[in-house]
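Note sheet for the following structure.
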Amino acid sequence: MRLDAITYDVAGAVTLAGRAPGQGDVRATLDNREVTSGAVGPGGEWSLDLPDVDPGTYTLRLEQLAADGSVTGRIETPFLREDPDRIRDNPMLVDPGATVITVQRGFTLWGIAEANFGDGIRYVQIFEENRDLIRDPDLIFPGQIFALPDLPRAAP
């Protein structure tokens, strides 16, 4: 079972997407509370729209369920529910106190650095802070959650 992407649309709605072997359902929980579930498609792909969830950091658990309800696969990861208003205004800019950012389609390390620290070259510090998650700084993917370095923030 895989989680391939966590995406936000322009209104702030969240979609989870991935792949799973075989058939069955996928159940999503946040902090051990079930929030949604759906079927694995014929090609093994699945997609779930999360209901409205307050902004904040959660533990997201995805479980693949067999027809009898038994768990056949599990993924657990931190999940940052971004503020929908912030996403509409500037998707790469995080709140001043935020220490993480969820990568969305179209994001670059340069853009994240420029939006938050006022200088794109500061992408190097973001890369260093997340070296265990980033193999190539030119290749980041939707759904990745990066820690932001402790640097002075750009003036709004």
Side-chain angles (χ1 to χ4, degrees), residues 1-20 26-38 40-41 44-64 73-156:
M1 175 173 196
R2 290 183 52 149
L3 172 63
D4 293 326
I6 300 172
T7 57
Y8 293 86
D9 68 13
V10 294
V14 181
T15 301
L16 308 173
R19 292 171 275 163
V26 174
R27 173 175 55 202
T29 65
L30 293 175
D31 291 344
N32 295 317
R33 185 179 57 84
E34 184 174 348
V35 292
T36 192
S37 62
V40 175
E45 295 180 353
W46 57 267
S47 177
L48 300 173
D49 293 327
L50 286 185
D52 287 334
V53 176
D54 291 335
T57 303
Y58 300 87
T59 298
L60 169 66
R61 186 174 60 240
L62 298 163
E63 296 173 321
Q64 183 177 0
R74 178 176 288 139
I75 298 169
E76 194 167 296
T77 185
F79 167 67
L80 174 64
R81 172 56 168 120
E82 301 280 2
D83 180 350
D85 292 333
R86 186 197 62 73
I87 291 170
R88 277 189 294 274
D89 294 340
N90 182 347
M92 285 192 251
L93 178 65
V94 299
D95 293 328
T99 59
V100 297
I101 187 168
T102 304
V103 175
Q104 298 303 307
R105 181 170 287 123
F107 279 25
T108 64
L109 290 180
W110 185 279
I112 294 168
E114 193 168 58
N116 291 284
F117 307 117
D119 189 356
I121 197 66
R122 298 244 172 145
Y123 85 90
V124 174
Q125 283 91 350
I126 298 172
F127 173 67
E128 289 298 327
E129 186 84 12
N130 298 279
R131 188 175 279 280
D132 59 327
L133 301 172
I134 306 171
R135 292 184 190 166
D136 179 340
D138 291 328
L139 298 173
I140 61 174
F141 303 97
Q144 287 182 300
I145 299 173
F146 294 148
L148 295 173
D150 187 16
L151 296 170
R153 297 293 171 101

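We number each residue from 1, following the sequence as shown. Heavy atoms only: backbone and side chains are in, while hydrogens, waters and symmetry mates are out.
Within the structure, salt bridge (charged side-chain N to carboxylate O under 4.0 Å, His left out) contacts touching residues 53-63 (residues at least two apart or in different chains) are Arg27-Glu63, Arg61-Glu63, Arg61-Glu76, Glu63-Arg74. Listed by first and then second residue, the side-chain hydrogen bond (donor to acceptor under 3.5 Å, both in side chains) pairs that reach into residues 112-127 come to none, sequence neighbours excluded. Screening residues 135-147 for side-chain hydrogen bond (donor to acceptor under 3.5 Å, both in side chains) gives no qualifying pairs among residues at least two apart or on separate chains.
In this structure, CZ in Phe107 is found 8.0 Å from CD1 in Ile140, a value given to the nearest 0.5 Å. Of the inter-residue distances, the one linking Ile145 atom CD1 with Ile6 atom CD1 reads 5.5 Å to the nearest 0.5 angstrom. The OH atom of Tyr58 sits 7.0 Å away from atom CG of Asp31, with the distance rounded to the nearest 0.5 Å. Between the CZ atom of Arg33 and the OG1 atom of Thr59 there is a distance of 12.5 Å, given to the nearest 0.5 Å. Expressed to the nearest 0.5 Å, how far CD1 of Ile112 lies from CE of Met92 amounts to 7.0 Å. In this structure, Ile134 CD1 and Phe141 CZ are separated by 10.5 Å, a value rounded to the nearest 0.5 Å.
No side-chain heavy atom of Asp150 sits less than 4.5 Å from a side-chain heavy atom of Glu129. Taking 4.5 Å as the limit, some side-chain heavy atom of Leu109 sits within range of a side-chain heavy atom of Phe146. Between Val26 and Leu62, the closest side-chain pair of non-hydrogen atoms falls below 4.5 Å. Between Thr29 and Val35, the closest side-chain pair of non-hydrogen atoms is not below 4.5 Å. Using a 4.5 Å heavy-atom threshold, the side chains of Thr7 and Leu16 count as separate. Side-chain contact check for Pro149 versus Phe117: some heavy-atom pair is nearer than 4.5 Å. For the pair Leu3 and Thr77, the minimum side-chain heavy-atom distance is below 4.5 Å. When side chains are defined from C-beta on, Thr15 does not count as touching Leu50, because their heavy atoms never get closer than 4.5 Å.
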Evaluation steps, side-chain contact (heavy atoms from CB on, under 4.5 Å), between Glu45 and Val40
CA-CA 6 Å; Glu45 295 180 353; Val40 175; over 6 Å; no
Apply side-chain contact (heavy atoms from CB on, under 4.5 Å) to residues Thr102 and Phe79 and explain how you reach the verdict.
CA-CA 8 Å; Thr102 304; Phe79 167 67; 5.9 Å; no
In sequence, state the C-alpha distance, the side-chain angles, and the governing distance for Thr99 and Leu148, and then conclude on side-chain contact (heavy atoms from CB on, under 4.5 Å).
CA-CA 5 Å; Thr99 59; Leu148 295 173; 5.7 Å; no
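Judged as a salt bridge (Lys or Arg N to Asp or Glu O under 4.0 Å), and not counting sequence neighbours, the contacts of Arg131 are Glu128. Partners of Arg153 according to the salt bridge (Lys or Arg N to Asp or Glu O under 4.0 Å) rule, which considers only residues two or more places apart in sequence or in another chain, do not exist here. Listed by chain and number, the residues in a salt bridge (Lys or Arg N to Asp or Glu O under 4.0 Å) with Asp49 amount to none (sequence neighbours excluded).
The shortest heavy-atom contact between Leu93 and Ala115 is CD1-O, 3.1 Å. The nearest pair of heavy atoms linking Ala28 to Leu60 is CB-CD1, 4.4 Å. Taking every heavy atom of both residues into account, Ala147 and Val100 meet most closely at CA-CG1, 4.0 Å. The two residues Gly118 and Ala154 have their closest heavy-atom pair at N-CB, 3.4 Å.
A salt bridge links Asp4 with Arg2; the closest basic N to acidic carboxylate O contact falls under 4.0 Å.
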